[in-house]
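Taking it in order: structure first as structure tokens, then the write-up.
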Amino acid sequence: MEKNQISLPVDDLPKKWYNILPDLPEPLPPPKEPDEGPSRLEFLAKTMTKECLSQESSSQRWIAIPEEVRELYIQAGRPRPLYRARRLEKHLKLKKTRLYYKREDLSPTGSHKTNTALAQAYFASREGKRVLITETGAGQWGTALAHAARLAGLECVVFWVRSVYDWKVDRRTLMQLLGAKVYASPSKQTRMGREILARDVNHHGSLGIAVSEGLEYTEEHEGSVYCLGSVLNHVLMHQTIIGLETIKQFELIDDQPDLIVGCLGGGSNFGGISLPFVGEVLKKKRECEFLAAQTMASPSLLKGRYEYDFGDVGEHTPLMKMYTLGHKTEMKPIKADGLRYHAAAPIISLLRHRGIVKATAYPTDERAVFEAAKIFLQCEGWLIAPESSYAVRAGIDEAVKNEKIGQEKAICMNISGHGFLDIPAYKEKILS
Ligand SMILES: *Cc1c(COP(=O)(O)O)cnc(C)c1O
């Protein structure tokens, strides 16, 4: 019997994260101060943990995962399996294309974000912090941080984009069960939130506004630390646990991916699975292509410009060189709200600029991607997150394209999360 599930023994959980910075084809453009206003770099240094700040610009290729964090990873179900999608292959009548998927949907809070949340919570507690503050869009990051804070014995405060807060009631309940304080953003908790609400009480919010609120709140509350769930270098590095496991899993079955596909909002799940492979491609140790699947609501890698921009609407962050649509851009709300961000991580942006990473984007009616999620559920039996359905859509499209070319090819999709808390979105998009 050919096995569809490729599992890694617990003892084979990687002991180090991979930091791609020293291996990039050119130095990553450093963050910069804007011409006006207070120092953003000093501000960031004040709000983050020292460990994450030092990892952000580290030139060390391999960074040891503390034993305590490895234990938390194992507690959260790592290593996660890789699957061969034989049933989907059969449905699509694939002859030349092998489809695989990595199971980040098996996380306790439903997404890959626990990989960095657990690390950040551990570093914060080691540095004597008491409260973790953050923003969340789709709600996955807020839930992951609430979970990590609880396991590390810390408190957690979450600013949640109002347009999503209002309809994802069950995810809100999960965060609250984990003991987090959850505010709809724009909120009355901060000066910025109050200003926006004064102009428009029904403002639906954005990830950028929520970031600004979280940073302002952190600055005003002793013992608190701000945690970011994507975009920054250290976040992508924590996520490399995904790709490092995947490399070992492909070795176990003596196969290798020719194409890796992931959905991309800020770039953390895509970077997490891709970067360990990119590192080997850069060293000419393997050949592999990388495709990021985005939404037309925020197609940063396709329509953005590669230039310095702020990471948030409130301009609290330093300027980072990224593919960006502009930090003040209004983006249409979609169900896969985790993909709605104006820019892509600096590391991914540089790789895009160098032609190593490619991108595609799907329309905001989301019909094509929800259809892919339905096919995936009915073939493979797993309900994935709306965000992950962009990766599956792109994986299916690439497989169909490859069948026409007729070459042997292995495609690996990253399933960034599960869809059990997104049932209302599925009901609206598929059943009605
Ligand atoms: C947050 C999230 C994303 C998008 O964020 P990235 O940093 O681009 O990975 C994608 N899928 C899920 C399930 C998420 O929670």
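Order of appearance sets the numbers: ligands from 1, and atoms from 1 within every ligand. In this chain, numbering begins with 1 at the start of the sequence shown.
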Handout entry: Salt-bridge criterion met for Arg40 and Glu33 (N-O under 4.0 Å)
Key = no
I'd like the atom pairs linking ligand 1 to the protein - N or O on both sides, separation under 3.5 Å - with distances to 0.1 Å.
from: ligand 1; atom 1: 7 (O); to: Ser230; atom 2: OG; distance (Å): 2.5
from: ligand 1; atom 1: 7 (O); to: Gly267; atom 2: N; distance (Å): 3.3
from: ligand 1; atom 1: 7 (O); to: Ser268; atom 2: N; distance (Å): 2.9
from: ligand 1; atom 1: 7 (O); to: Ser268; atom 2: OG; distance (Å): 2.8
from: ligand 1; atom 1: 8 (O); to: Gly265; atom 2: N; distance (Å): 2.7
from: ligand 1; atom 1: 8 (O); to: Gly266; atom 2: N; distance (Å): 3.0
from: ligand 1; atom 1: 8 (O); to: Gly267; atom 2: N; distance (Å): 2.8
from: ligand 1; atom 1: 9 (O); to: His112; atom 2: NE2; distance (Å): 3.2
from: ligand 1; atom 1: 9 (O); to: Ser268; atom 2: OG; distance (Å): 3.2
from: ligand 1; atom 1: 9 (O); to: Asn269; atom 2: N; distance (Å): 2.8
from: ligand 1; atom 1: 9 (O); to: Asn269; atom 2: ND2; distance (Å): 2.8
from: ligand 1; atom 1: 11 (N); to: Ser416; atom 2: OG; distance (Å): 2.7
from: ligand 1; atom 1: 15 (O); to: Lys113; atom 2: NZ; distance (Å): 2.6

Problem - Glu135 and Tyr226: side chain donor to acceptor below 3.5 Å - result: yes
Problem - Pair Glu380 + Arg86, salt bridge at N-O below 4.0 Å - result: no
Exercise for the section: Answer whether the closest heavy-atom distance between the side chains of Tyr100 and Met413 falls below 4.5 Å. Expected result: no
Handout entry: Intermediate values then yes/no, side-chain contact (heavy atoms from CB on, under 4.5 Å), Val131 and Cys156
Key = CA-CA 5 Å; Val131 195; Cys156 184; over 6 Å; no
Exercise for the section: Could you tell me whether the side chains of His238 and Thr116 share a donor-acceptor contact shorter than 3.5 Å? Expected result: yes
